Amino acid sequence: MFMASELRAWRNRSPGDLSIELPEIRATPIEPLLANAAGAARSWAHTPLPKRVEGLRSAQTELLKAKDGLARGIAVEIGKPITEAIGEMSAVIGKIDLTIEDARAHFAAQEVTNGPHPASIRRLARGPAVVIAPFNFPLHLGNGAIVAHLLAGNPVIFKPSPFAAVVAAQYAQIIAAALPSGVFQLAQGGGGEGQALCLDSRVRAVCFTGSVPVGRSLAQSLAADFAKELALELGGRNGAIVCADADLALAAEAVAEGACLTCGQRCNATSRVLVDRRVAPEFEELLIAAVGKFQPGDPLLPETNLGPLISAAAVARYEQLAAARADWLIPGSAPKEAGGKRGHYVCPALRRGLTAHDAECFVPIVEIESFANLDESLIRHNASPFGLTASIFTRSAETFQRLVDELPVGNVYANIATTFSPSTLPFGGLGLSGNGRPGGRDFIRFTTVEQALQIRRDSLT
Ligand code: NAD
């Protein structure tokens, strides 16, 4: 595992084929990046929006050309199945269009006519922004915040996960080439570089997507700099509630998909299932069959639906969870090999009984428990301090409404997997899952500060 210490140089191995060693990466000295970003801030802030849009459009054209290579890079470096990696790249490219739309709306002149003086509200760039990304969506999650900050006039320093350093460098080269010098820069490194960037006083906005402990420590360290915007996208312990009237086959397929995409390494992965006890035996049978369809395979093959975990440490965590004495419906196993390739491969596992609600799972292990009535399902579901996504499986609009009114989570689905999060909607969580829902649509609202102008009538010529 990469710890929160300075990484000078390292080489990643493909988690799906440990014989593949990627090119060496060196940590970037951060002081020059900070100086460049501070130096570029004024002129980028004064660059008109259409000009910034032009830069992003030209980056988008190049990303489109590089799409297949970048998707393959994601699959090789973090082990995400290629079909999912292509989906990630489509989201990266599509996000540019959506964010341009958001920026045009956000920057539209806003006149205020009901006050004592004619007035208007302007949106000012904040200044240099740091975007810190996790390994599991190495480009898409950082890209959303990057594009929004750039359109807002904020120079960006992007610190990707060290697990995705090579593919992040390819992406960064494309973005940087489309923009003036110093406006977009890449910082390679680990937690040490990330922390130093976030805490530097020249940085006026931070978007951090990653784990709760790091998010919390950043929030504590930055508390005194209250004008620095800190947007946090953290973890989840997402649940599915399966009611007695649900389409059980559909629910089983959606839960299996929610648990197994990206090998369970998604903030919105399904890791807890609550099922009405009247249908629990039938649902368990269906879920065992649905989960069984996800078997480890080479992430580069289009038919693979379950890639490897990211690291040996993640496999060790999986093995520890799978070794717990419990009522296992599908016991865990870590073959550490698939299709003749050695890698961090594990199989999905399913057990009865919900365990720690306050710790992320982040491996493909699903826990299932039955409930006697809807009130009980809510008590169990809401025992988690996370509040990212939740799925309700029912045919009744009334039941859906009854449950949704009591779920303190950012994204709720009816008869859809917890992992289904299109860029057209806001995304993010309540509670331990983060603040203000900076993911998904409309990140642009974090990127500027408002300035109110009042002008005495007829006082200016
Ligand atoms: P992580 O917290 O270990 O690392 C995330 C990033 O933070 C990396 O780039 C890392 O180098 C950097 N970092 C580490 N210590 C730091 C510090 N002290 N200061 C600044 N930066 C630091 O997370 P990970 O293992 O890469 O990713 C998985 C986590 O990300 C999970 O908790 C997952 O739920 C979360 N996540 C959340 C969302 C969301 O949208 N809510 C999406 C994807 C992943």
Side-chain angles (χ1 to χ4, degrees), residues 1-7 10 12 15 25 27-28 30 77-78 80 88 91 130-145 157-165 168 186-200 203 206-222 230-238 261-271 309-311 313-314 317 358-363 384 386-389 409-411 418-419 421 423 425-441 443:
M1 277 300 252
F2 293 103
M3 307 305 287
S5 63
E6 300 284 314
L7 280 170
W10 70 99
N12 287 331
I25 295 289
T28 317
I30 62 163
E77 198 166 14
I78 67 134
K80 182 177 279 192
E88 174 164 357
V130 165
V131 175
I132 309 257
F135 75 83
N136 61 336
F137 275 90
L139 303 187
H140 171 50
L141 292 173
N143 176 70
I157 302 175
F158 172 40
K159 212 231 35 88
S161 166
F163 287 110
L186 174 70
Q188 295 282 20
E193 280 79 9
Q195 189 173 15
L197 285 167
C198 294
L199 270 45
D200 191 275
V203 169
V206 172
C207 176
F208 172 79
T209 308
S211 56
V212 171
V214 178
R216 185 183 282 127
S217 89
L218 286 176
Q220 284 164 346
S221 307
L222 293 177
L230 175 63
L232 296 171
E233 270 293 0
L234 308 176
R237 186 78 166 91
N238 313 291
L261 284 179
T262 322
C263 203
Q265 303 167 114
R266 285 196 183 196
C267 55
N268 53 10
T270 314
S271 57
L309 290 173
I310 188 68
S311 63
R317 238 191 94 250
D358 56 349
E360 265 195 299
C361 189
F362 236 57
V363 291
S384 172
F386 289 101
L388 195 54
T389 65
V409 301
N411 298 73
T418 60
T419 41
S421 308
S423 305
L425 285 173
F427 178 77
L430 310 176
L432 276 192
S433 295
N435 63 4
R437 275 159 282 165
R441 193 71 199 256
F443 180 89

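Ligands are counted one by one from 1 in listed order, and the atoms in each one are counted from 1 as well. Quantities reported herein were computed from a predicted structural model and do not represent experimental measurements.
- Although no hydrogens or angles enter the test, the distance criterion places a donor-acceptor pair under 3.5 Å between the side chain of E233 and the main chain of G439.
- In this structure, of K159, E360, H140, Q188, the residue bringing a heavy atom nearest to atom 31 (C) of ligand 1 is E360.
- Ligand-side atoms of ligand 1 in range of V214: 2 (O), 15 (N), 16 (C), 17 (C), 18 (N), 19 (N), 22 (C), range being under 4.0 angstrom from any heavy atom.
- Using modelled atom types, one finds a donor on one side chain and an acceptor on the other under 3.5 Å when comparing S421 with N268.
- Heavy-atom contacts of F427 reach the following atoms of ligand 1: 40 (O) (cutoff under 4.0 Å).
- Considering backbone and side-chain N/O of S433, none are found under 3.5 Å from N/O of ligand 1.
- Residue contact check for ligand 1: S161 places a non-hydrogen atom closer than 4.0 Å to it.
- Residue contact check: G194 has heavy atoms under 4.0 Å from atoms 19 (N), 20 (C), 21 (N) of ligand 1.
- The main-chain N or O of G192 is never found under 3.5 Å from a side-chain atom of Q195 such that the two would form a donor-acceptor pair.
- Closest heavy-atom contact between S423 and A91: OG-CB, 4.4 Å.
- The backbone N or O of L432 lies less than 3.5 Å from no partner atom in the side chain of D358, so there is not a single donor-acceptor pair.
- Listed by number with element, the atoms of ligand 1 under 4.0 Å from a non-hydrogen atom of N136 are 43 (C), 44 (C).
- Residue contacts with ligand 1 for L234 involve N, CA, C or O but no side-chain atom from C-beta outward (heavy atoms, distance under 4.0 Å).
- Against a heavy-atom cut-off of under 4.0 Å, F208 is close to the following atoms of ligand 1: 2 (O), 6 (C), 7 (O).
- Neither the backbone nor the side chain of F137 comes within 4.0 Å of ligand 1, counting heavy atoms alone.
- Taking every non-hydrogen atom of A133 and a distance limit under 4.0 Å, the qualifying atoms of ligand 1 come out as 5 (C), 6 (C), 8 (C), 9 (O).
- Residue G439 places every heavy atom at 4.0 Å or more from ligand 1.
- Panel note: side chain Q188, backbone I25; no donor-acceptor pair is recorded below 3.5 Å.
- Within ligand 1, counting atoms from 1 as listed, the ones closer than 4.0 Å to a heavy atom of I132 are 6 (C), 7 (O), 9 (O), 12 (C), 21 (N).
- Without hydrogens or angle criteria, N411 side chain to G428 main chain gives a donor-acceptor distance under 3.5 Å.
- Atoms of ligand 1 found under 4.0 Å from any heavy atom of L141, numbered from 1 in the order shown, are 42 (C), 43 (C).
- Using a 4.0 Å heavy-atom cutoff, P160 is listed among the residues neighbouring ligand 1.
- Judged by distance alone, the side chains of E77 and N12 do bring a donor and an acceptor atom under 3.5 Å apart.
- Cation-pi geometry between K80 and F137 is satisfied (NZ or CZ under 6.0 Å from the ring centre, within 45° of the ring normal).
- Side chain of T389 to main chain of N238: no donor-acceptor pair is present (N/O by atom type, distance under 3.5 Å, no hydrogens or angles).
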